[in-house]
Amino acid sequence: MTTINLDVIWIYYIIINEKYTKRFYPHYFYIEFEKFFNEKLRLKIKDDIYQYTYIDNIENNDFCLLKKLRKIGENESYICRLIRNDSIYEFKAYMLETKSSKVTIHKSIFETNNFLMKRDYSMIEYAAFFGSLEILKYCQFLN
């Protein structure tokens with residue numbers, strides 16, 4: 001006989017609420033709640049994970065990368081990591097390689113900062129948020 005903790009069910013109903021689905025809570029807690037999601041929601045979450053992250057496959061319960069990114073709790077994109085670390089040389093190389101002067105920082109399933117979960121940001125806004133002075137100076141040069 002399987003017992004289900006009522007707290008788990010209560011939390012499940014909270015995270016599938018529209019307010020929290022917009023903030024990717026079901027995606028973030030996919031590992032814990034996968035068995036509660038119906039097939040339609042499971043497929044949507046997987047599609048979103050593939051679309052909004054750099055994870056190509058979470059099949060066969062291979063959740064190592066998902067767990068790692070969740071533990072970091074920040075936007076997992078390469079450009080975001082460069083900005084957060086104020087890695088100016090790598091940032092310049094990336095900008096030259098991509099031949100782009102403007103980059104949009106898209107919302108991330110793994111972002112845990114409420115402010116950054118609200119919308120997409122320009123790279124200047126993202127750099128300002130993290131106090132990445134060298135990258136801010138370089139972005140000023142780009143404009």
Side-chain angles (χ1 to χ4, degrees), residues 4-143:
I4 298 176
N5 185 335
L6 290 179
D7 290 339
V8 172
I9 294 172
W10 181 73
I11 293 168
Y12 164 76
Y13 282 110
I14 289 172
I15 69 169
I16 63 166
N17 177 298
E18 183 182 357
K19 174 182 175 181
Y20 296 105
T21 55
K22 286 181 182 177
R23 293 182 176 176
F24 298 118
Y25 277 51
H27 305 67
Y28 191 85
F29 293 110
Y30 183 79
I31 297 167
E32 290 79 11
F33 291 97
E34 174 189 19
K35 63 185 172 194
F36 294 102
F37 298 143
N38 63 38
E39 188 62 23
K40 182 179 176 185
L41 184 56
R42 256 197 304 277
L43 290 173
K44 166 129 179 51
I45 291 170
K46 285 180 183 180
D47 286 346
D48 287 349
I49 287 173
Y50 300 147
Q51 180 181 351
Y52 294 112
T53 70
Y54 297 92
I55 297 175
D56 337 19
N57 193 350
I58 58 168
E59 295 300 324
N60 303 321
N61 295 326
D62 182 20
F63 297 125
C64 293
L65 183 56
L66 192 61
K67 286 179 181 178
K68 179 182 174 186
L69 292 172
R70 237 173 40 167
K71 189 172 185 174
I72 294 168
E74 295 178 318
N75 191 315
E76 75 285 359
S77 74
Y78 179 65
I79 189 77
C80 288
R81 193 166 3 110
L82 295 178
I83 293 171
R84 283 192 306 271
N85 295 330
D86 206 11
S87 303
I88 189 62
Y89 299 112
E90 293 90 346
F91 182 82
K92 286 179 180 178
Y94 176 85
M95 296 305 283
L96 289 171
E97 182 181 312
T98 60
K99 297 180 176 103
S100 176
S101 62
K102 295 188 192 251
V103 174
T104 300
I105 307 299
H106 297 287
K107 293 191 300 186
S108 169
I109 290 168
F110 303 106
E111 182 59 62
T112 55
N113 184 301
N114 273 336
F115 181 77
L116 296 174
M117 293 168 74
K118 294 178 183 174
R119 63 179 177 89
D120 294 344
Y121 291 90
S122 70
M123 65 182 174
I124 293 173
E125 290 172 315
Y126 198 80
F129 181 84
F130 284 99
S132 303
L133 298 178
E134 295 301 316
I135 290 181
L136 280 170
K137 289 178 199 173
Y138 183 74
C139 289
Q140 223 178 3
F141 166 77
L142 291 175
N143 290 329

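Because the structure is predicted, anything quoted here is derived from the model rather than measured. Along the sequence shown, residues carry numbers from 1.
- For Glu111 (side chain) and Met117 (main-chain N/O), no donor-acceptor pair under 3.5 Å exists by modelled atom type.
- Here the side chains of Phe110 and Leu66 are in contact, with some heavy-atom distance below 4.5 Å.
- For the pair Asp48 and Ile109, the tightest heavy-atom approach, listed with the atom from each and the gap, is O-CD1, 3.8 Å.
- Rounding to the nearest 0.5 Å places OH of Tyr138 at 12.5 Å from OH of Tyr89.
- Across Leu41 and Asn38, no two heavy atoms sit closer than the pair N-OD1, 2.7 Å.
- With Asp86 contributing its side chain and Leu133 its backbone, the two residues share a donor-acceptor pair below 3.5 Å.
- At a threshold of 4.5 Å between non-hydrogen side-chain atoms, the residues Lys46 and Tyr30 count as touching.
- In terms of heavy-atom proximity, Ile105 sits nearest to Cys80 at CG2-SG, 3.3 Å.
- Between atom CG of residue Leu136 and atom CZ of residue Phe130 there is a gap of 12.0 Å, rounded to the nearest 0.5 Å.
- Closest of all the heavy-atom pairs between Ser108 and Glu76 is OG-OE1, 2.6 Å.
- When all heavy atoms of His106 and Asp120 are compared, the pair lying nearest together is ND1-OD2, 3.0 Å.
- The shortest side-chain heavy-atom distance between Lys137 and Glu134 falls under the 4.5 Å cut-off.
- Note: Tyr28 and Tyr20 fail the aromatic proximity criterion, with ring centroids not under 6.0 Å apart.
- Side-chain contact of Tyr126 with Arg84: a donor-acceptor pair under 3.5 Å is present, judged by distance alone.
- For Lys118 against Asn114, the heavy-atom pair with the smallest separation is CG-O, 3.4 Å.
- Taken to the nearest 0.5 Å, the CZ atom of Phe37 stands 8.5 Å off from the NE2 atom of His27.
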